[in-house]
Protein chains: 2
Amino acid sequence: MYTISDVAKLLGITAHTLRYYEKEGIIAPIRNANGERVYDDSNLAWLRFVMRLKQTQMPISQIREYAQLYLEGEHTAQARLNLLEDHRNSVQSQIRNLTATEKVLADKITAYKSFITKGTGIN
Amino acid sequence: MYTISDVAKLLGITAHTLRYYEKEGIIAPIRNANGERVYDDSNLAWLRFVMRLKQTQMPISQIREYAQLYLEGEHTAQARLNLLEDHRNSVQSQIRNLTATEKVLADKITAYKSFITKGTGIN
DNA sequence: ATATAGGTTAGAGTTTACTCTAAGTCAAAT
DNA sequence: ATTTGACTTAGAGTAAACTCTAACCTATAT
């Protein structure tokens, strides 16, 4: 069991952001007798997955959609699978994009280095 | 020589966005007698590179910084190289991130498929 | 007893990157 | 001559994702 600031520290985000995610329907931790949020390990695992989705450019609206489908039960499994497959395609396309740009950058970096040491033309 | 809407079409963005990039100090096309923007091939090549940087999450502020260094002349070559190397590192880290997430998604997708056809547990 | 360190809410403010509007200019087509 | 289409500017508006503030509550340490 974790407090909001425990979770914030573990995920490297702020408590403000966690409350915002809750307001956006991404997570719903239980409350203790004092009205304070209590996160368990399954909440933490879900939030870690959310962080992955965010780092790979899935918008909050789509993460919420997935979370809501999960709450609606097993009959939404196909819809969730579709969402995951769409995102996987997006991830693969981002990788292609980044790989191509990495090559362009590598070439430019080589050209700059040779310009700086030898005075060759820049592109 | 290209008009603003030629360039917009070629890059798949709007003329509004091109004017915004100009306001942000990312590009400075010349004007014709009529005060209209005229883009040449070097402008186009630069904008295509800008699109790459954007697609790989470089913020406008950093793209502007690179553009301004370029305008300041050859003595900024080292500073530009540093910027490019920093961004290359960011691109490489994004690729690692996306690759790891792709694996997580692949596993989840497999689990969902097996749940949908055979009724096995979901993660 | 009270100060401190945390938690709560509703809601306002900020940043980034556009996106659009209004009012106007200008050249070519009808 | 006037309509049409494409351009110009300054500046307002929008969407996403936070980020912060104010006012308040509550358990623990001094």
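Residue numbering restarts at 1 for every chain, and letters A, B, ... go by the order of the sequence lines.
Between chain A and DNA chain C, the heavy-atom contact criterion of under 4.0 Å yields a 5' to 3' nucleotide range of dG6(C) to dG11(C).
With rounding to whole Å, E24(B) atom CD is found 14 Å from dA10(D) atom P. Here dC7(D) presents its P atom at 8 Å from CZ of R19(B), a figure rounded to the nearest Å. Rounded to whole Å, atom C1' of dT8(D) lies 11 Å from atom CG of N32(B).
Side chains of T101(A) and R88(B) form no contact here, defined as non-hydrogen atoms less than 4.5 Å apart. Looking at K108(A) and F49(B), their side chains come closer than 4.5 Å, going by heavy atoms from C-beta outward. Residues F115(B) and R80(A) have side chains not in contact (no heavy-atom distance under 4.5 Å, counting atoms from C-beta outward). Residues M1(B) and D40(B) form a side-chain contact, since some pair of their non-hydrogen atoms from C-beta on lies under 4.5 Å apart.
When the shell of 6.0 Å around CD of E74(A) is examined, it contains 12 or fewer heavy atoms from other residues, nucleotides or ligands.
The backbone N or O of G25(A) sits less than 3.5 Å from a side-chain atom of Q68(A), completing a donor-acceptor pair. The closest donor-acceptor contact from the side chain of R37(B) to the backbone of I4(B) lies at 3.5 Å or more, if one exists at all. With hydrogens and angles ignored, the 3.5 Å screen pairs a side-chain donor or acceptor of N32(A) with a backbone N or O of N34(A). No donor-acceptor pair closer than 3.5 Å links the side chain of S93(A) to the backbone N or O of N89(A).
Residues of residues 3-15 of chain A having a heavy atom closer than 4.0 Å to DNA chain C, listed by number: T3(A), I4(A), S5(A). Of the residues in residues 38-65 of chain A, K54(A), P59(A), I60(A) come within less than 4.0 Å of DNA chain D through at least one heavy atom, sorted by number.
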task: Mind running side chain to side chain contact (heavy atoms under 4.5 Å, CB included) on Q78(A) and N82(A) for me, showing each step along the way?
output: CA-CA 6 Å; Q78(A) 181 65 56; N82(A) 293 343; 3.0 Å; yes
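E65(B) is linked by a side chain to side chain contact (heavy atoms under 4.5 Å, CB included) to Q62(B), L83(B), counting only residues two or more places apart in sequence or in another chain. Partners of T3(A) under the side chain to side chain contact (heavy atoms under 4.5 Å, CB included) rule, at least two apart in sequence or in another chain, are S5(A), D6(A).
Mapped onto DNA chain D by nearest heavy atom, K23(A) and E22(B) fall at different nucleotides, with E22(B) at the one closer to the 5' end.
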Can you tabulate the close N/O pairs, meaning under 3.5 Å, that link protein atoms to atoms of nucleotides 21-28 of chain D?
{"residue": "dT26(D)", "atom": "O3'", "partner": "N34(A)", "partner atom": "ND2", "Å": "3.3"}

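Note: Y66(B) and W46(B) have parallel aromatic rings, judged against thresholds of 30 and 60 degrees for the angle between ring planes.
Looking at heavy-atom distances under 4.0 Å, R37(A) makes contact with sugar-phosphate atoms alone, never a base.
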